[in-house]
Amino acid sequence: MSIALKNILGTRGLGREDISTILNTANAFKEISTRPIKKVPTLRGRTVINLFFEPSTRTRTSFEIAGKRLSADVINITGSTSSAVKGENLIDTARNLEAMNPDIIVIRHACAGAAELISHFTESSIINAGDGAHEHPTQALLDLLTIQEHKGSLDGLRVVIVGDIAHSRVVRSNIFAMKTMGMDVRLVGPPTMIPFEIERLGVEVSHNLAEAIRDADVIMMLRVQTERQNKFLLPSLREYSNLFCLTSEKLERAPEDILIIHPGPVNRGIEIALDVMQDERSLILDQVTNGVAIRMALMYLLLGGSDDGLN
Ligand code: CP
């Protein structure tokens, strides 16, 4: 199991074979997290720095758990406790971390391109844990792993992605990865939340949720990202949820075996109803579980892989 990549900056740069290798490796690593002793020596002596300039529950924690389950030394730095608050710029921060010889730097930052920027100033492998509204590649990979587990394969599946398309890094990474894996992607949301000419990426656009899910295999609900929006994209959250919140009533129009996913965190009752979150077809917590396996796989593969990774 290996990939010829130094960094994971986005899914746009990943080929079909890369994605298959990452998903297969993650599948193999899942079992480690079910053992009584959830640790293998695979990355013993390696150092992973988690550098998070934006809030995170799932991504930051799962990168830390993933590194620790592989026996790496994991150091966590948040923006508010770093010297960024004293005015140090991102390049200087990266250069100073690099001077301590880490193997991997995981970065989340509010600016699109932050992960790529520091990749030009470090020898360490860089993993993008979310950069502005640009990409969130590890989220897309864990989404694919979750879908593949439940549907068997990805090729030809119809995925409907609903909500704030314009501000979502999750959508961009999923579109690139899903198209690479031969999936059909349909985007649904209010016109103010759908970027102009996004169809150029090979996706369909609809503004009618009930129509769009009639023949879907998977529905991905997105969080309304109030922190990234300019004002006036929505008349009101109530109007948004009337049209685009996934309720049991709307779900009745979908095929029985549709899968429901959401990257989290969830605004309950705005983009997804509580009873739908608890529906047996909802895989929201499976996605979180798979996030650990995907991040273990990426750390392992970026640092060279080997045949004894599971011992
Ligand atoms: N899905 C996701 O990125 O969640 P966090 O912001 O909690 O990491």
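All ligand and atom numbering here is 1-based and tracks the order in the structure. We're numbering straight along the sequence, starting at 1. Everything numeric here is computed off the predicted structure, so don't read it as measured data.
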Can you sort out which atoms of ligand 1 are near [X], meaning under 4.0 Å from one of its heavy atoms?
X      : result
Thr59  : 2 (C), 3 (O), 4 (O), 5 (P), 8 (O)
Thr57  : 5 (P), 7 (O), 8 (O)
Gly264 : 1 (N), 2 (C), 4 (O)

Next item on the list: Please name the residue in the list Arg44, Arg46, Lys6 that meets the salt bridge (charged side-chain N to carboxylate O under 4.0 Å, His left out) test with Asp103.
Entry: Arg46

Next item on the list: Can you pull out the closest protein heavy atom to atom 1 (N) of ligand 1? Residue, atom name and distance to 0.1 Å, please.
Entry: Pro263 O, 2.8 Å

Next item on the list: Please report which non-hydrogen protein atom sits nearest to atom 4 (O) of ligand 1, along with the residue it belongs to and the distance in Å to one decimal place.
Entry: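 Looking only at protein heavy atoms, the one closest to atom 4 (O) of ligand 1 is Arg58 NE, 3.0 Å.
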
Notebook entry, point to check: Does a side-chain N-to-carboxylate-O contact under 4.0 Å join Asp215 and Arg158?
Noted result: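 Looking at Asp215 and Arg158, the cut-off is met.
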
Check: With a 4.0 Å cut-off, would you call Asp73 and Lys68 a salt bridge?
Finding: no

Item checked: Row check, Phe121 ring normal vs Arg95 NZ/CZ: under 6.0 Å, within 45° -> no

Notebook entry, point to check: Is the CD atom of Glu17 crowded by more than 12 outside heavy atoms at less than 6.0 Å?
Noted result: no

Check: Under 6.0 Å from the CZ atom of Arg268, do we count more than 12 heavy atoms belonging to anything else shown?
Finding: no

Next item on the list: Before signing off on this row, confirm whether Arg108 and ligand 1 have an N or O atom pair separated by under 3.5 Å.
Entry: yes

Next item on the list: Look at ligand 1 and say whether Glu54 reaches it with a heavy atom at a distance under 4.0 Å.
Entry: no

